[in-house]
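Along the sequence shown, residues are numbered consecutively beginning with 1. Note that this is a predicted model, so its numbers are computed, not measured.
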Amino acid sequence: MLAYISRRLIFAVFLVFAVSSASLVLTRLAGGDYVMESLGVGAHAETVEQARARYGLDKSIGAQYGDWLRRVVRLDLGRSFLYDRPVSDLIPERAANTAILAFTALLFATLIGLPLGVVAGSRRGGPGGVVPSLIRGTSLVLLSMPPLLTSLFLIFLAARTGWMPIAGMRSAGEPATGLTLDLLHHLIVPAGALALPLAAMFERLQAQAMAEAIGAPFVLATLARGVPRSRVVWRDALKASLRPVAAVYGIVVGTLLSGSFVVEVITAWPGLGRLMLDALRARDVFLVAGCAAAGSIFLALGSLLSDAALALVDPRVAEP
């Protein structure tokens with residue numbers, strides 16, 4: 001078990017290094033640089049050269065990458081050109097906002113998807129089959145809608161009804177930190193956009209697992225002894241059916257933390273996605289690499305959590 005997790009940890013470290021390195025190099029290879037984006041094409045040539053020398057952009061890609069590697073070894077991710085602040089200071093601030101959004105969406109998806117999956121999986125056929133059919137149909141629709149579409153739909157709904165803020169994280173004049181009702185109000189649209197497709201996925205996984213658990217011999221024997229069906233479903237069968245969802249939970253966490261880019265951009269949520277977009281527009285190579293590293297760290301940690309859960313549920317996956 002420990003050897004398996006160690007191998008996965010080594011791979012995770014390599015993943016973070018490869019993603020951040022590739023992001024820095026590709027951003028540097030792309031047309032233009034921070035100086036041209038900030039000064040414009042009409043800037044004096046001497047001014048441009050002085051600015052490039054000040055930011056280190058006059059060096060070759062290899063030399064710049066080597067300097068970045070030497071700093072990374074000392075846990076120094078460089079200084080953002082755009083914000084004139086250390087990247088290691090900017091990333092935690094925005095990562096915390098992304099974490100708030102991701103874990104709120106995960107909570108919504110879990111509280112919605114799992115109970116609906118239990119209902120859909122335990123009531124197949126018969127006179128009560130209308131409700132499971134409705135749940136399954138809704139899940140299929142939501143599964144086919146990426147977060148981009150759910151974001152646009154919820155923004156349209158918020159704009160037409162005025163029930164929810166359209167964008168942003170806090171209203172003007174509200175405290176910049178802390179959990180407030182205003183923050184929770186602003187979370188509805190972006191968290192809902194992430195949670196709805198995720199809830200549909202949880203429902204499908206849970207419904208299939210529940211249907212299999214209901215047919216298991218120990219569940220049938222419990223029902224035959226006269227134990228109320230609702231008690232068997234929500235106690236015995238539920239425990240036996242949680243493994244598929246538990247196995248993907250870690251990956252889901254990592255994906256949410258690293259993949260909420262589109263939702264953050266559309267809803268103006270000040271997280272890593274918005275920061276990455278700003279960095280790409282400005283050709284801020286060190287900030288791009290830092291954001292990519294943070295996203296890959298989240299994804300790697302999620303994969304490790306999922307691997308650990310799978311190894312605990314089924315020890316065979318950890319065998320060499």
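Residues that satisfy the side chain to side chain donor-acceptor pair (under 3.5 Å) test with T150, not counting sequence neighbours, are absent from this structure. When the side chain to side chain donor-acceptor pair (under 3.5 Å) test is applied to E212, no partner is found at least two apart in sequence or on another chain. Contacts of R70 classified as salt bridge (charged side-chain N to carboxylate O under 4.0 Å, His left out), with partners at least two apart in sequence or in another chain: D67.
Here the CD-CD distance, from Q208 to E203, works out to 11.0 Å after rounding to the nearest 0.5 Å. Rounding to the nearest 0.5 Å gives a distance of 10.0 Å between CD1 of I188 and CG of L154.
Side-chain atoms of L277 and R281, non-hydrogen and from C-beta on, do get closer than 4.5 Å to each other. Under the 4.5 Å side-chain criterion, counting only non-hydrogen atoms from C-beta, V119 is not in contact with V233. Considering only heavy atoms from C-beta on, M201 stays 4.5 Å or farther from Q206 through its side chain. At least one side-chain heavy atom of L24 sits less than 4.5 Å from a side-chain heavy atom of Y65. Looking at heavy atoms from C-beta onward, W234 lies out of side-chain contact with S122 at the 4.5 angstrom threshold. Counting heavy atoms from C-beta on, the side chains of L194 and L198 never come closer than 4.5 Å. Considering only heavy atoms from C-beta on, V189 stays 4.5 Å or farther from I166 through its side chain. Looking at C291 and I91, their side chains come closer than 4.5 Å, going by heavy atoms from C-beta outward.
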From CA spacing to verdict: side chain to side chain contact (heavy atoms under 4.5 Å, CB included), F108, T104:
CA-CA 6 Å; F108 285 174; T104 302; 3.9 Å; yes
Evaluate side chain to side chain contact (heavy atoms under 4.5 Å, CB included) for V16 paired with F298, printing each intermediate quantity in order.
CA-CA 9 Å; V16 173; F298 288 143; over 6 Å; no
Audit row: M169, N97, side chain to side chain contact (heavy atoms under 4.5 Å, CB included) steps and yes/no:
CA-CA 9 Å; M169 184 174 177; N97 295 339; 3.2 Å; yes
Full working for side chain to side chain contact (heavy atoms under 4.5 Å, CB included) between S296 and F17:
CA-CA 9 Å; S296 58; F17 172 75; over 6 Å; no
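For H185 (side chain) and W163 (main-chain N/O), a donor-acceptor pair under 3.5 Å exists by modelled atom type. The backbone N or O of V265 lies less than 3.5 Å from no partner atom in the side chain of R274, so there is not a single donor-acceptor pair.
Using a 3.5 Å distance cut-off with no hydrogens or angles, the side chains of Y83 and D89 do not pair a donor with an acceptor.
Ring orientation note: the planes of F286 and F81 are nearly perpendicular, at an angle over 60° on the 30°/60° scale.
Looking at every heavy atom in both residues, A289 comes nearest to S23 through CA-CB, 4.4 Å. Of all heavy-atom pairs between L101 and E264, the closest is CD2-CG, 3.9 Å. Counting all heavy atoms, side chain and backbone alike, A193 lies closest to S151 at CB-OG, 3.2 Å. Here the closest heavy-atom approach between residue L143 and residue R204 is recorded as CD1-CG, 3.6 Å.
Enclosure of atom CZ in R231 is not indicated, since only 12 or fewer non-hydrogen atoms of other residues, nucleotides or ligands lie within 6.0 angstrom.
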